[in-house]
Amino acid sequence: MVSLKHLILVGFVLITFASQAIWVTFSPAVTLVADELDVSPELVGYLAVTYPLFFLILTIPSGVLLDRNFRFWLFFGALMTFLGGVGRVFAFTNYFFLLACQLLSAVGQPFLLNGFVPFASRLYERRRSAVISVLSLSMYLGTVFALSAGYELYTSGGMIYLIAPSSLISLLGFLLFLSGMNYLGADRVEGYRMSLSDVAGRRDLWLIGIILGLGVAAFDNLATWLQPALETVSLGKIAGDAVALSIVLGLAGVALIPGFVAKRSARTRYMRGIVPLIASFFAVLIFVQSELLVFLFLGLSGLLMLPAYPLIMDWIGRFHEKSIQGSATGFVGLVSRAISVFLMFVAPYFIYSARAYFAFLTVVVLVAFLFTLILPDDRKMEKIHS
């Protein structure tokens with residue numbers, strides 16, 4: 001018999017998948033969608049921009065609210081995603097209605113992502129690392145599905161085909177989430193007062209936020225700016241496939257690596273080991289750019305880099321008390337997103353040549369390595385918290 005505990009987990013996984021798919025639903029077919037809606041391609045592109053914008057605005061408030069009343073605010077995130085996903089079905093030829101639905105889902109996303117750690121800690125303490133990995137995997141898969149299938153869906157059946165998958169999955173996920181929500185119980189903390197200093201004063205949160213931000217910046221830059229950089233050495237045509245390979249191998253890494261590392265209290269050692277290795281990959285590409293090396297090094301980078309996200313989330317769950325895990329996750333999200341967004345605007349100054357671009361990425365990753373050296377060894381932290 002399926003327990004309520006498992007129902008809400010499956011619902012959370014599906015609603016997270018739907019949220020990420022909603023984010024970039026239109027990105028693979030921007031110009032086609034713009035023609036159908038009779039608006040500029042830029043306006044269609046702005047639909048996706050709502051997500052990082054609202055994450056920056058809401059990551060700290062959503063974390064605080066989750067700590068204050070976890071059950072209600074996680075439900076709020078699921079509800080906003082459901083309304084945004086299903087709502088698009090009712091007026092998918094109207095840009096402003098689609099924008100309103102996108103804004104609803106964008107508001108819900110920080111509550112979902114910042115809910116990973118407290119959810120796993122409350123419901124699956126003994127399997128916290130595995131559950132965080134599953135939720136992280138659903139986050140990545142939602143984005144990958146929308147980006148990889150979007151163009152084919154649109155050319156096969158137009159707007160309704162494009163929005164139908166995320167709408168159906170958000171509906172199913174929300175219904176399953178509701179079915180199991182009573183398992184969360186009443187979780188309101190009366191008289192709760194959280195100060196930003198409660199998390200901002202914790203040195204390890206700054207460090208993992210910076211490390212995550214630099215890692216996300218490197219990966220996002222590959223997805224955004226690799227093609228024009230490689231075009232300077234006549235390899236621009238392989239950029240999309242190389243990034244896709246990096247993501248696919250990264251998903252395999254997310255499924256296999258975090259649990260193995262967490263069980264051995266090797267989070268710090270893992271990050272100290274992979275970060276200089278990835279930096280060496282980019283360093284080689286400064287001097288030699290070939291199709292084989294680009295595919296090989298980007299694939300290996302994705303395999304090793306993407307599992308760092310669930311490992312960092314698991315760090316919060318293991319070494320910080322449940323009463324502030326939402327706030328801690330929100331704070332780490334704010335630090336990391338601020339760094340990654342800043343570096344996204346810096347990167348275009350280096351795409352004039354492949355060498356300059358890979359030198360830029362090498363420096364970013366090496367800076368991350370310096371911060372891993374300052375990060376406390378989690379074996380010692382395990383002894384303190386045991």
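What you see below is based on every heavy atom in this structure, not just the backbone, and it leaves out hydrogens, waters and symmetry mates. Treat the numbers as computed from the prediction; the structure is a model and nothing was measured.
In this structure, the separation between CZ on Arg202 and CD1 on Ile208 is 11.5 Å, given to the nearest 0.5 Å. The OH atom of Tyr309 lies 9.0 Å from the CD1 atom of Ile132; values are rounded to the nearest 0.5 Å. Distance check, rounded to the nearest 0.5 Å: CG of Leu162 to CZ of Phe92 gives 10.5 Å. A distance of 10.0 Å separates CG of Leu306 from CD1 of Ile257, quoted to the nearest 0.5 Å. How far CZ of Arg269 is from OG of Ser265: 7.5 Å, rounded to the nearest 0.5 Å. Atom CG in Asp67 sits 9.5 Å away from atom CD in Glu321 (nearest 0.5 Å).
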Show your reasoning for whether side chain to side chain contact (heavy atoms under 4.5 Å, CB included) applies to Leu226 and Phe358. CA-CA 9 Å; Leu226 180 64; Phe358 286 118; 4.0 Å; yes
Would you please test Leu74 and Phe12 for side chain to side chain contact (heavy atoms under 4.5 Å, CB included) and show each step? CA-CA 9 Å; Leu74 188 63; Phe12 195 7; 3.7 Å; yes
For side chain to side chain contact (heavy atoms under 4.5 Å, CB included), just list the numbers for Leu178 and Phe75, CA-CA rounded to whole Å, side-chain angles, deciding distance to a tenth of an Å, and then say yes or no. CA-CA 8 Å; Leu178 280 182; Phe75 164 77; 3.6 Å; yes
Side chain to side chain contact (heavy atoms under 4.5 Å, CB included) for Ser19 and Tyr51? Distances and angles first, verdict last. CA-CA 10 Å; Ser19 173; Tyr51 264 63; 3.6 Å; yes
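Residues Ile8 and Ser179 are not in side-chain contact: their nearest non-hydrogen atoms beyond the backbone lie 4.5 Å or more apart. Put simply, the side chain of Leu137 does not reach to within 4.5 Å of the side chain of Pro310, judged on heavy atoms. Contact annotation: the side chain of Tyr151 approaches that of Leu32 to within less than 4.5 Å [non-hydrogen atoms, C-beta and beyond]. Put simply, the side chain of Leu361 reaches to within 4.5 Å of the side chain of Leu222, judged on heavy atoms. Within the 4.5 Å cutoff, the side chain of Leu300 has no heavy atoms near those of the Leu249 side chain. Phe331 is listed as a side-chain neighbour of Trp206, based on a closest heavy-atom distance under 4.5 Å. Counting only heavy atoms from C-beta outward, the side chains of Ile312 and Met271 approach each other to under 4.5 Å. By the 4.5 Å heavy-atom criterion applied to side chains, Met159 and Leu98 are counted as neighbours.
Phe26 and Val24 are assigned to two separate hydrophobic clusters, defined by single-linkage of ILVMFWY side chains at heavy-atom distances under 4.5 Å. No continuous path of hydrophobic side-chain contacts links Leu256 to Val131 [ILVMFWY only; heavy atoms under 4.5 Å]. A single hydrophobic cluster is not seen to contain both Tyr161 and Leu147; linkage of ILVMFWY side chains at heavy-atom distances under 4.5 Å, directly or through other members, places them apart. Note on Leu168: it does not cluster hydrophobically with Phe145, by side-chain heavy-atom contacts below 4.5 Å among ILVMFWY residues. A chain of hydrophobic side-chain contacts below 4.5 Å, direct or via other Ile, Leu, Val, Met, Phe, Trp or Tyr residues, connects Leu214 to Met344.
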Got a list of side-chain donor-acceptor pairs under 3.5 Å for residues 275-299, not counting sequence neighbours?
from, atom 1, to, atom 2, distance (Å)
Ser280, OG, Leu277, O, 2.5
Gln289, NE2, Leu285, O, 2.8
Gln289, NE2, Ile286, O, 2.8
Ser290, OG, Leu293, N, 3.2

Using atom types as modelled, flag every donor-acceptor pair under 3.5 Å from a side chain in residues 77-84 to any protein atom, sequence neighbours excluded.
from, atom 1, to, atom 2, distance (Å)
Thr81, OG1, Gly77, O, 2.9

Below 3.5 Å, can you tabulate the donor-acceptor pairs from side chains in residues 228-243 to any protein atom, sequence neighbours excluded?
from, atom 1, to, atom 2, distance (Å)
Glu231, OE1, Gln227, NE2, 3.3
Thr232, OG1, Ala229, O, 2.5
Thr232, OG1, Ala354, N, 3.1

Do any side-chain atoms of residues 100-108 form donor-acceptor pairs under 3.5 angstrom with protein atoms, and if so which ones, sequence neighbours left out?
from, atom 1, to, atom 2, distance (Å)
Gln102, NE2, Ile22, O, 3.4
Gln102, NE2, Trp23, O, 3.3
Gln102, NE2, Leu47, O, 3.0

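One N or O on the side chain of Thr372 and one on the backbone of Phe369 form a donor-acceptor pair closer than 3.5 Å. A donor-acceptor pair under 3.5 Å is formed between the side chain of Tyr95 and the backbone N or O of Leu43. Judged by distance alone, the side chain of Arg127 and the main-chain N or O of Leu123 form no donor-acceptor pair under 3.5 Å. Judged by distance alone, the side chain of Arg68 and the main-chain N or O of Trp73 form no donor-acceptor pair under 3.5 Å. Checked by atom type and distance alone, the side chain of Ser166 never pairs as donor or acceptor with a backbone atom of Gly85 at under 3.5 Å. Looking only at distances, no side-chain donor or acceptor of Thr16 sits under 3.5 Å from a matching main-chain atom of Met139.
Every residue meeting the side chain to side chain donor-acceptor pair (under 3.5 Å) condition with Thr59, not counting sequence neighbours, appears here in chain and number order: Asn114. By the side chain to side chain donor-acceptor pair (under 3.5 Å) test, Arg379 pairs with Asp377, sequence neighbours left out. For Asp314, the side chain to side chain donor-acceptor pair (under 3.5 Å) partners two or more places apart in sequence, or in a different chain, are Arg128, Arg267. Take Tyr124 and apply the side chain to side chain donor-acceptor pair (under 3.5 Å) test, not counting sequence neighbours, and it matches His6. Shown here are the salt bridge (Lys or Arg N to Asp or Glu O under 4.0 Å) partners of Arg88, two or more places apart in sequence or in another chain: there are none.
Closest of all the heavy-atom pairs between Leu58 and Pro110 is CB-CG, 3.9 Å. Scanning all heavy atoms of the two residues, the minimum distance from Val10 to Leu176 falls at CG1-CD1, 3.7 Å. Nearest heavy-atom pair across Leu343 and Ala217 is CD1-CB, 3.6 Å. Shown here for Ala21 and Ala146, the closest heavy-atom pair between the two residues is O-CB, 3.6 Å. The two residues Gly259 and Ser129 come nearest to each other via the heavy atoms CA-OG, 3.7 Å. Nearest heavy-atom pair across Ile160 and Gly157 is CG2-O, 3.6 Å.
The stretch residues 32-47 participates, sequence neighbours left out, in no salt bridge (Lys or Arg N to Asp or Glu O under 4.0 Å) pair at all. Pairs of residues two or more places apart, or lying in two chains, never qualify as side-chain hydrogen bond (donor to acceptor under 3.5 Å, both in side chains) while including a residue from residues 336-362.
Results of the side chain to side chain contact (heavy atoms under 4.5 Å, CB included) test with Ile211 over Val332, Val216, Leu375, Leu370 single out Leu375 as the only residue that passes. The only member of Phe55, Phe76, Phe116, Phe119 that meets ring pair (Phe, Tyr, Trp, His ring centres under 6.0 Å) when paired with Phe111 is Phe76.
Apart from Val248 itself, the hydrophobic cluster it occupies contains nothing, where clustering links Ile, Leu, Val, Met, Phe, Trp and Tyr at side-chain heavy-atom distances under 4.5 Å.
Other residues, nucleotides and ligands contribute only 12 or fewer heavy atoms inside 6.0 Å of the CZ atom of Phe260.
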